[in-house]
Amino acid sequence: MTTYDRIGATYNHTRRTDRRIGVKIHEALGDAGTVINVGAGAGSYEPPQTVLAVEPGAVMIAQRPAGSARALQASAESIPIADDSADAAMALLTVHHWTNLEAGIGELLRIARQRVVIFTWDQAIFRRFWLLDEYLPEVAAFDDTRAVSIDRLVALLGGARIEKVLIPHDCTDGFGAAFWRRPEAYLDPEVRAGISMLAQTGEEVLRPGLTRLSNDLSSGLWHERHADLLDRDTLDVGYRLLVADL
């Protein structure tokens with residue numbers, strides 16, 4: 001059973017494509033006529049030219065919408081397809097789950113002819129996000145154990161350009177910091193179930209910090225402390241696109 005067979009049952013509800021982030025990803029893919037999505041999950045951000053989705057979890061594959069690209073149940077570290085199978089390979093918010101990063105990146109480089117695109121985050125920046133810094137340091141510690149450094153990814157790719165991905169205040173994809181201006185969302189169990197860093201840490205560990213957050217929202221302390229966020233449309237919380245031309 002993969003991680004997402006346990007925690008991914010609500011992804012088609014809580015992890016919906018945000019069109020603005022989608023534009024950034026599709027621009028990064030450039031003129032690629034064919035794309036393979038590795039660690040594809042329920043299919044968010046797949047462009048029309050996607051020819052194959054590689055995903056190890058049956059629960060995630062079952063949530064893919066009708067008409068999606070063909071899904072192959074396989075791990076990123078061992079993809080049973082030929083070399084140079086598509087113009088581009090993309091891996092979105094997935095590399096931190098891989099058991100062998102070097103093997104997985106090697107597979108991306110092997111199956112792509114022109115380009116590899118990875119969507120991930122910079123842990124040094126993400127760690128300063130108010131949810132982790134003020135309420136859930138245990139989650140920050142957990143993320144430290146699985147986050148992949150940008151420098152390491154760039155080195156494994158043999159070089160890549162790095163693009164900031166600013167997160168809109170009304171982001172429709174409910175990943176870790178999507179609710180930076182909507183703090184009450186983190187009190188919703190369904191929202192938390194769709195965020196792997198929270199779902200994997202566990203409710204018992206989260207409870208004290210979430211109780212403090214609930215109290216600070218009720219008293220107005222959170223809004224007072226973070227008044228600077230309330231008028232912002234986007235925020236840099238550390239999310240990055242890496243684009244490697246082969």
Side-chain angles (χ1 to χ4, degrees), residues 1-8 11 15 21 25 28-29 32 35-42 44-46 50 52-57 60-61 71-86 88-127 129 132 139-165 175-177 195-201 237-246:
M1 179 181 288
T2 72
T3 296
Y4 282 93
D5 283 335
R6 290 185 290 105
I7 70 172
Y11 265 51
R15 297 298 300 273
I21 296 174
I25 291 169
L29 290 167
V35 175
I36 295 174
N37 186 11
V38 178
S44 293
Y45 303 105
E46 286 182 4
T50 303
L52 182 67
V54 179
E55 166 58 42
M60 300 303 285
I61 290 174
L72 172 65
Q73 189 169 3
S75 69
E77 295 89 344
S78 181
I79 305 174
I81 59 175
D83 296 357
D84 300 327
S85 287
M90 69 179 194
L92 311 180
L93 294 179
T94 180
V95 297
H96 55 289
H97 291 297
W98 296 357
T99 57
N100 186 326
L101 182 68
E102 289 79 3
I105 298 299
E107 286 290 80
L108 296 182
L109 295 170
R110 182 183 69 79
I111 66 175
R113 289 187 290 267
Q114 299 175 3
R115 188 168 299 113
V116 171
V117 174
I118 295 175
F119 184 33
T120 185
W121 75 90
D122 185 328
Q123 179 68 358
I125 298 173
F126 189 70
R127 234 185 175 283
F129 175 41
L132 277 59
V139 175
F142 168 70
D143 253 5
D144 286 344
T145 68
R146 65 178 192 154
V148 181
S149 79
I150 300 297
D151 288 347
R152 185 180 178 197
L153 285 170
V154 170
L156 289 172
L157 290 166
R161 73 176 185 271
I162 303 167
E163 300 179 4
K164 288 183 181 180
V165 180
F175 49 70
I195 300 174
S196 66
M197 67 177 183
L198 302 183
Q200 290 183 268
T201 301
V237 204
Y239 290 93
R240 299 292 183 263
L241 272 174
L242 277 61
V243 184
D245 291 319
L246 308 181

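Partners of Glu107 according to the side chain to side chain donor-acceptor pair (under 3.5 Å) rule, which considers only residues two or more places apart in sequence or in another chain, are Arg110. A search for side chain to side chain donor-acceptor pair (under 3.5 Å) contacts involving Asp144 returns Gln123, Arg127, not counting sequence neighbours. By the side chain to side chain donor-acceptor pair (under 3.5 Å) test, Tyr239 is found to be paired with no residue, residues two or more places apart in sequence or in another chain being considered. Residues meeting the side chain to side chain contact (heavy atoms under 4.5 Å, CB included) test with Ala74, sequence neighbours left out: Val54, Leu72, Pro80. Residues passing the side chain to side chain donor-acceptor pair (under 3.5 Å) test with Arg152 are Glu102, sequence neighbours excluded. Every residue two or more places apart in sequence or in another chain was checked for a salt bridge (Lys or Arg N to Asp or Glu O under 4.0 Å) with Asp84, and none qualifies.
For the pair Ile21 and Phe175, the minimum side-chain heavy-atom distance is below 4.5 Å. Looking at heavy atoms from C-beta onward, Leu153 lies in side-chain contact with Leu101 at the 4.5 angstrom threshold. For the pair Ile111 and Leu52, the minimum side-chain heavy-atom distance is 4.5 Å or more. Using a 4.5 Å heavy-atom threshold, the side chains of Glu163 and Arg240 count as separate.
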Side chain to side chain donor-acceptor pair (under 3.5 Å) between Asn37 and Glu46: does it pass, once the steps are laid out?
CA-CA 7 Å; Asn37 186 11; Glu46 286 182 4; 3.0 Å; yes

I'd like to know whether Arg115 forms a side-chain contact (heavy atoms from CB on, under 4.5 Å) with Leu29, so could you lay out the CA-CA distance, the side-chain angles of the two residues, the decisive distance to 0.1 Å, and finally the verdict.
CA-CA 7 Å; Arg115 188 168 299 113; Leu29 290 167; 5.5 Å; no

